[in-house]
Amino acid sequence: MRKLLLAPSALLWLAGVLTPLVFVLRMSLYSRGDISGEKRLDLLFYQPGTWSLESFAKVLTEPFYQRLFGFTAVLAMVVTTLTLLFGYLLGYAVYRASPRGKIALILLIALPKFTNILVFVYGVKIIFGPNGFLPVVAGEVMLLVPYAALTIAAALEAVPYHLVEAARGLGASSISAFWRVTLPLSMPGVSAAAILTVLWSASAFLGPYLLGQPAQYTVAVEVERQMHQDLNWTIAAALNVVLIAILGAAAYTMSAVRRRLA
Amino acid sequence: MKRLAYLVLGLLLTPMALSILVSFTPSRYLELPRDEWTLAWYRQFFGSPVWVQALGNSLVIAALTAAFSVTSALATAMALVRHHFRWKAAWEGALLLPMVLPSVALAAGMLAVVRLTPLWGNHLSLAFAHSVLAIPVAYLVLRASLKQVDPNLEAAARGLGAGPWQVFRFVTLPLVIPAVLAATLFALVISLNEITLTLFLATRYTETLPRVIWPNLRFAITPLVAAASVILLALTLPALVAAGWWLRPRRGNR
């Protein structure tokens, strides 16, 4: 009976998560499809039955792809830094608000997440003007700040404010009380938000695609381009495998550091 | 500090406000309406078969997604909250994995798989794909609520002779119904707004509203896109109101 309850989500997980990922891994190991006048669609995208490391060789050695991964990493770091900064600011505002104010603030922070991402990007376009690095960074930060703010607000909720008052009563300035009491106690929230933000910004797709020039294209954008325009599914798959491997390693390292700090 | 926080919040809310205003512009370009406001873009939206068809597809797929994801997330949450499993943490981790996976990787794999099945070009394939993203969120909402339910109430019902289905129907479900509604609304919002998986999986017959907005957003932007966006917003906004109701301050602990 209880095993049966797990069946629907387990089946969907096998069909909708595991199988696609296995397919991506297998596709990354095919030889490239034949694009010259091939009529059978399945042979166009890749050559079934072949085993080859040519896609990985390309993705790992060609300067174009190295620059692509480099830019994606830089973008992720810039976006994460700004997102944590603004997220903390908003999270702190929630922490210090009255009970009613807290709910209003949480809803207003979450509101952009209920609007369509395309509506949102469209508005960012109107504010920040023509495509380029600034709109990409601004767009991604604005997309991720609500998650960071709510994660940090939840962690701050667990910090009793009378500890800050005690520090102040013992002579600490408000800045020093913040640095030595509030911030250290809220670090679990900050580090959780940091891990999620790094993972999400490193796989950014919509922001760079819709708000960027080709110079701001990320790995995820290149995956879409290879799948839909160049019809080179093996390269797209290899890019996906390398991206997931890097993100997995990053997530593992960051959680290990987080556990050590806790 | 506080003022800066409100400034950031204002900036976060600006894109939405701007697209609402632009949708009423009489201009053919993305300009804010000055003295004259018009519903012309909305009339054009509802007069165009492509947009209306997309709206219909979006609604069908969202309803299917909500049905799949909430029932399976509820069943999973009941199993994992109430019973002990050996690989409980692994189950949960696997279930939540789609939240952190790059969506283009998931989308590329799904395209390769679905293309080989009869589901290709069917609303069901999109509903299943959207459910993969909706289940983690629905699960987190339902798990939080189920943990609040006192197991003694269920035990009492069993002691009075109720079968497992009766316990669920008359004890557990009424206690978690607000969370079921919240999870349903989240699933609807996720499906209505989903674009990355849709971009890879939708065909001519299953294009959703975001999928039809997509090429317009990249190339020829007219205020019609803003109007379409506002219609999408109007569909998802009730969810936020419901979320606010769910979060409202209550006596007792939650």
Side-chain angles (χ1 to χ4, degrees), chain A residues 1-2 5-6 8-9 12-13 15-17 19-24 27 86 89-90 92-93 96 99-100 103 105-112 114-124 126-127 142 145-146 196 199-200 203 205-206 210 220 223-224 227 233 236-237 240 243-244 247 251, chain B residues 2 4-5 8-9 11-16 18-19 22 30 71-73 75-76 78-79 83 94-95 97-98 100-106 108-113 128-129 131-132 135 164 189 193 195-196 200 210 213-214 217-218 225-226 229 232-233 236-237 239-240 243-244 247-249:
Chain A
M1 175 61 198
R2 61 178 86 156
L5 285 174
L6 292 174
S9 61
L12 193 69
W13 190 83
V17 182
T19 316
L21 289 181
V22 170
F23 258 69
V24 166
M27 276 198 298
F86 292 129
L89 206 62
L90 283 177
Y92 194 78
R96 298 296 297 131
R100 261 177 197 291
I103 292 168
L105 272 177
I106 288 173
L107 287 181
L108 285 175
I109 292 170
L111 186 60
F114 284 78
T115 61
N116 186 269
I117 192 162
L118 301 180
V119 182
F120 195 81
V121 167
Y122 179 78
V124 174
I126 301 179
I127 304 174
M142 286 165 76
V145 154
L196 286 174
L199 294 180
W200 284 332
S203 46
F205 168 59
L206 294 172
L210 294 169
V223 168
E224 196 274 344
M227 292 286 290
W233 288 19
N240 273 328
L243 181 63
I244 291 177
L247 291 184
Chain B
K2 208 169 181 180
L4 194 56
V8 173
L9 189 58
L11 191 63
L12 279 181
L13 293 168
T14 314
M16 196 180 62
L18 279 179
S19 32
V22 166
L30 296 183
T71 42
S72 48
T76 308
M78 302 247 309
H83 304 289
L95 206 64
L97 184 67
V100 290
L101 274 178
S103 44
V104 282
L106 215 47
M110 283 179 175
L111 171 59
V113 175
F128 284 136
S131 299
V132 167
I135 282 180
V189 171
N193 289 340
I195 180 62
T196 311
F200 281 71
I213 295 177
W214 178 259
L217 202 56
R218 262 215 105 188
V225 177
S229 309
L232 210 51
L233 181 64
T236 51
L237 212 55
L240 189 74
L247 279 171
R248 77 198 185 282

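Per chain, numbering begins at 1; letters A, B, ... match sequence-line order. Computed from heavy atoms alone, side chains included, the values below leave out hydrogens, waters and symmetry copies.
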Practice item. Measure the CG-CG distance between B:L106 and A:N240 for me, rounded to the nearest 0.5 Å. Key: 9.5 Å
Exercise for review: Quick one: which of B:S131, B:P98, B:P102 has the most heavy-atom pairs under 4.5 Å with chain A, could you say?
Suggested key: B:P102
Exercise for review: Identify which of B:L233, B:V100, B:L18, B:L9 forms the greatest number of heavy-atom pairs closer than 4.5 Å to chain A.
Suggested key: B:L9
Point to revise | Structural part of A:A236 lying under 4.5 Å from a heavy atom of chain B | key: neither
Practice item. Please flag which part of B:L12 lies under 4.5 Å from any non-hydrogen atom of chain A: side chain, backbone, both or neither. Key: both
Review point. Heavy atoms, side chains only, cut-off 4.5 Å: are A:I117 and B:N193 in contact?
Key: no
Review point. Looking at B:M110 and A:P20, what are the two nearest heavy atoms and their distance?
Key: N-CB, 3.6 Å
Check your understanding: Highest number of heavy-atom pairs under 4.5 Å with chain B: which of A:V121, A:L210, A:I109, A:V124?
Key -> A:L210
Review point. Quick one: what part of A:L108 sits under 4.5 Å from any heavy atom of chain B, side chain, backbone, both or neither?
Key: both
**Study point:** Euclidean distance, B:S72 OG relative to A:L5 CG, rounded to 0.5 Å
**Key:** 11.5 Å
Check your understanding: When only pairs under 4.5 Å are counted, which of B:L97, B:V22, B:I135, B:L4 shares the most heavy-atom pairs with chain A?
Key -> B:L4
Exercise for review: For the residue pair A:W233 and B:L111, establish whether any side-chain heavy-atom pair is separated by less than 4.5 Å.
Suggested key: yes
Practice item. Determine whether A:S203 and B:V104 make a side-chain contact, defined as any pair of heavy atoms from C-beta on separated by less than 4.5 Å. Key: no
Exercise for review: State, with a plain yes or no, whether a side-chain heavy atom of A:F120 is found less than 4.5 Å away from one of A:M142.
Suggested key: yes
Check your understanding: Measuring heavy-atom distances to chain A, does B:L232 have an atom under 4.5 Å in its side chain, in its backbone, in both, or in neither?
Key -> side chain
Practice item. Give the member of A:I126, A:I127, A:V24 that has the highest number of heavy-atom pairs under 4.5 Å with chain B. Key: A:I127
Point to revise | Test item: A:P112 and B:L13 side chains (from C-beta on) under 4.5 Å apart, heavy atoms | key: yes
Review point. At a heavy-atom separation under 4.5 Å, does A:L21 approach chain B through its side chain, its backbone, both, or neither?
Key: side chain
**Study point:** Interchain contact, A:M227 with chain B, by part (heavy-atom threshold 4.5 Å)
**Key:** side chain
**Study point:** Which portion of B:P210 sits near chain A, non-hydrogen atoms under 4.5 angstrom
**Key:** both
Practice item. Sort out for me which of A:V223, A:T19, A:L12 touches chain B most, counting heavy-atom pairs under 4.5 Å. Key: A:L12
Check your understanding: Which of the residues A:V22, A:L206, A:L243, A:L247 is involved in the greatest number of heavy-atom pairs with chain B at under 4.5 angstrom?
Key -> A:L206
Revision key, fill the gap. Honestly, the part of B:A129 sitting under 4.5 Å from a heavy atom of chain A is neither
Practice item. Indicate the atoms forming the closest heavy-atom contact of B:M78 with B:H83, along with that distance. Key: O-CD2, 4.2 Å
**Study point:** B:I195 versus chain A, the contacting section by heavy-atom distance below 4.5 Å
**Key:** side chain
**Study point:** Engaged part of A:F205 at the chain B interface, taking heavy atoms whose separation is under 4.5 Å
**Key:** side chain
Review point. What part of A:V145 lies closer than 4.5 angstrom to a heavy atom of chain B: side chain, backbone, both or neither?
Key: side chain
Check your understanding: B:L11 versus chain A, heavy atoms under 4.5 Å apart: side chain, backbone, both or neither?
Key -> both
Practice item. Report the C-alpha separation of A:V17 and B:L101 in whole Å, then their side-chain angles, then the decisive distance to 0.1 Å, and conclude whether the side chain to side chain contact (heavy atoms under 4.5 Å, CB included) test is met. Key: CA-CA 10 Å; A:V17 182; B:L101 274 178; 4.2 Å; yes
Check your understanding: So what's closer than 4.5 Å to chain A heavy atoms on B:A73: side chain, backbone, both or neither?
Key -> neither
